[in-house]
Number of protein chains: 2
Amino acid sequence: MTTAGTKERIVEASAECFRRRGYMGTGLKQIAADADAAFGSLYHFFPGGKEELGAEVIRRSGRMYMQLFIDIALEVPDVVDAVGRFFADAAKDVEESGYADACPIATVALEVSSVSEPLREACAEVFESWLSSSTEYFAGAGIDREEAGRLALQMLSLLEGAFIFSRAMRTTEPILVAGGAATKAVAAALGR
Amino acid sequence: MTTAGTKERIVEASAECFRRRGYMGTGLKQIAADADAAFGSLYHFFPGGKEELGAEVIRRSGRMYMQLFIDIALEVPDVVDAVGRFFADAAKDVEESGYADACPIATVALEVSSVSEPLREACAEVFESWLSSSTEYFAGAGIDREEAGRLALQMLSLLEGAFIFSRAMRTTEPILVAGGAATKAVAAALGR
DNA sequence: GTCTATACTTTGATAGAC
DNA sequence: GTCTATCAAAGTATAGAC
């Protein structure tokens with residue numbers, strides 16, 4: 001059990017800031033303050049500056065968010081139920097955070113996609129890993145592989161889009177409706 | 001036929017910048033340069049500064065984007081075909097812009113939702129108008145009103161989420177797959 | 001209405017003492 | 001590794017001549 005090291009605190013503080021205020025809306029000085037770290041420490045751990053820090057935060061946030069889905073999949077045996085739980089939990093998390101914490105990298109992805117190639121690539125890699133994992137998951141439940149790929153894209157698009165509406169409109173309804181559509185699509189693919 | 005006035009040029013330049021680089025990633029000096037306007041003109045037309053300009057750009061972009069859908073709906077009589085065309089056109093536009101021009105306000109919406117109440121409200125109003133218009137459209141085609149509302153939320157969530165993946169991964173596949181899912185859902189609601 | 005100059009703040013980044 | 005001081009550039013905003 002290690003007390004959080006400086007580097008870890010920096011990454012965690014950055015992740016929270018990026019998620020809520022975006023990459024462009026977060027200053028390095030704010031991050032240093034939130035992380036209780038000296039400003040110079042940022043450049044000690046991330047010589048490449050904000051962009052290097054951003055790339056690490058994107059990849060780490062992507063891994064952690066996927067883990068949420070994996071945990072549910074391991075706990076809930078039925079695929080349709082698991083998808084339903086994923087959306088229900090997401091709605092709860094968004095609401096409990098005051099509509100601040102939805103997808104950890106969506107804001108950053110949109111901000112950087114036409115601005116920074118390294119950061120865009122980091123986001124693309126995260127999304128590809130989410131999609132391939134979800135595809136495997138659906139295929140493992142007996143769904144045709146091509147259909148599983150489309151289903152993964154559909155489920156994650158529904159989730160990401162619903163997050164946008166939910167945060168702006170301050171209601172969980174979009175996430176709940178998206179969850180209904182996603183579970184329905186998965187059930188249909190399973191022939192239920 | 002008026003040559004574009006200064007205010008109009010400012011709003012148009014802002015809209016393009018916000019769409020591609022976001023609200024936080026766009027500086028007022030950049031906007032003035034892109035609009036070929038003196039910096040002081042920004043504050044002449046928008047005494048409230050960046051936030052007032054942002055609110056007007058959000059509302060205007062929202063209206064213009066909805067018009068795209070209305071135009072298609074007027075041109076394509078069948079509802080399922082119209083939805084399919086909407087997604088197909090979106091995919092084409094995204095690709096032809098080098099994956100820069102997708103939703104004009106999604107990036108801004110995510111950036112500002114936890115940062116600026118006036119801007120968050122502007123985004124929420126735009127989204128609500130999109131949803132109510134789409135709901136009317138589906139209801140007009142004979143779909144039960146509650147189901148029409150869910151369908152509108154589903155279609156727009158699919159589109160917005162697909163835009164995120166498309167821009168980051170540089171492929172139109174997410175938009176095309178989302179379009180397939182959306183048309184399928186509409187067809188099912190029509191009992192086809 | 002246009003345009004320039006300027007004030008003030010914050011940004012990302014660097015250097016160097018400790 | 002930590003911390004402070006400092007830099008040049010860019011950020012928003014204002015004042016005032018024209």
Side-chain angles (χ1 to χ4, degrees), chain A residues 2-58 107-108 111-120 122, chain B residues 2-58 107-108 110-112 114-120 122:
Chain A
T2 49
T3 300
T6 303
K7 184 175 183 180
E8 198 177 325
R9 289 204 315 279
I10 291 172
V11 171
E12 278 174 14
S14 302
E16 187 174 322
C17 284
F18 289 167
R19 174 180 226 164
R20 301 184 170 203
R21 317 156 45 81
Y23 179 79
M24 298 296 189
T26 302
L28 292 182
K29 285 175 180 166
Q30 184 66 50
I31 290 174
D34 287 10
D36 271 309
F39 186 75
S41 295
L42 288 185
Y43 283 87
H44 172 74
F45 292 109
F46 301 96
K50 193 182 186 183
E51 201 169 51
E52 184 184 345
L53 170 61
E56 179 147 335
V57 169
I58 289 166
T107 311
V108 177
E111 284 180 290
V112 306
S113 279
S114 301
V115 172
S116 160
E117 264 301 288
L119 294 184
R120 192 217 106 224
Chain B
T2 51
T3 300
T6 303
K7 184 175 182 180
E8 198 178 323
R9 289 204 315 279
I10 290 171
V11 171
E12 278 174 14
S14 303
E16 187 174 322
C17 283
F18 290 167
R19 174 181 226 163
R20 301 184 171 203
R21 316 152 47 83
Y23 179 80
M24 298 296 189
T26 302
L28 292 182
K29 285 176 180 169
Q30 183 67 49
I31 290 174
D34 287 10
D36 271 309
F39 188 76
S41 295
L42 287 185
Y43 284 89
H44 173 73
F45 292 110
F46 301 96
K50 193 181 187 182
E51 201 168 51
E52 186 185 344
L53 169 61
E56 179 147 332
V57 169
I58 289 166
T107 311
V108 177
L110 286 177
E111 283 180 290
V112 306
S114 300
V115 171
S116 161
E117 264 300 288
L119 295 184
R120 191 218 106 223

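The sequence lines fix the lettering, A, B, ..., with proteins before strands; numbering per chain opens at 1.
Residues satisfying the salt bridge (charged side-chain N to carboxylate O under 4.0 Å, His left out) criterion with A:Arg20, sequence neighbours excluded, are A:Asp101. Applying the salt bridge (charged side-chain N to carboxylate O under 4.0 Å, His left out) test to B:Arg120 and every residue at least two apart in sequence or in another chain returns B:Glu117.
Nucleotide D:dG11 holds its C1' atom 12 Å from the CD1 atom of B:Ile31, rounded to whole Å. In this entry the distance linking CD of B:Glu51 with C1' of D:dA13 reads 14 Å, nearest Å. Distance B:Leu28 CG to D:dT14 P: 11 Å, rounded to the nearest Å. Atom CD of A:Gln30 and atom P of C:dA13 are 17 Å apart (whole Å). When rounded to the nearest whole Å, the span between NZ of A:Lys50 and C1' of C:dA13 equals 12 Å. At whole-Å resolution of the value, CG in A:Leu42 and C1' in D:dG1 are 13 Å apart. B:Ile10 places its CD1 atom 11 Å from the P atom of C:dG1, with the value rounded to the nearest Å.
Of the residues in residues 17-24 of chain A, none has a non-hydrogen atom less than 4.0 angstrom from any atom of DNA chain D.
In this structure, B:Arg9 contributes its side chain and B:Ala35 its backbone to a donor-acceptor pair below 3.5 Å. Here the side chain of B:Glu111 pairs a donor or acceptor atom with the backbone of B:Met24 at under 3.5 angstrom.
Screening residues 28-55 of chain B for salt bridge (charged side-chain N to carboxylate O under 4.0 Å, His left out), with sequence neighbours left out, gives no hits.
Using a 4.5 Å heavy-atom cutoff, the side chains of A:Leu119 and A:Ile58 are in contact.
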Quiz item: Base, backbone or nothing for each nucleotide of nucleotides 2-8 of chain D, written B, S, -, heavy atoms under 4.0 angstrom, 5' to 3'?
Solution: SBB----

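Distances shorter than 4.0 Å separate none of the side-chain N or O atoms of B:Tyr43 from OP1 or OP2 on D:dT14.
Interatomic distance, CZ of A:Arg19 versus OG1 of A:Thr107, reported as 9.5 Å (0.5 Å rounding).
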Exercise. Carefully, step by step, assess A:Leu53 and A:Ile31 under the rule side chain to side chain contact (heavy atoms under 4.5 Å, CB included).
Key: CA-CA 11 Å; A:Leu53 170 61; A:Ile31 290 174; 4.0 Å; yes

Between side-chain atoms of residues 40-47 of chain A and protein atoms elsewhere (two or more places apart, or another chain), which donor-acceptor pairs fall under 3.5 Å?
none

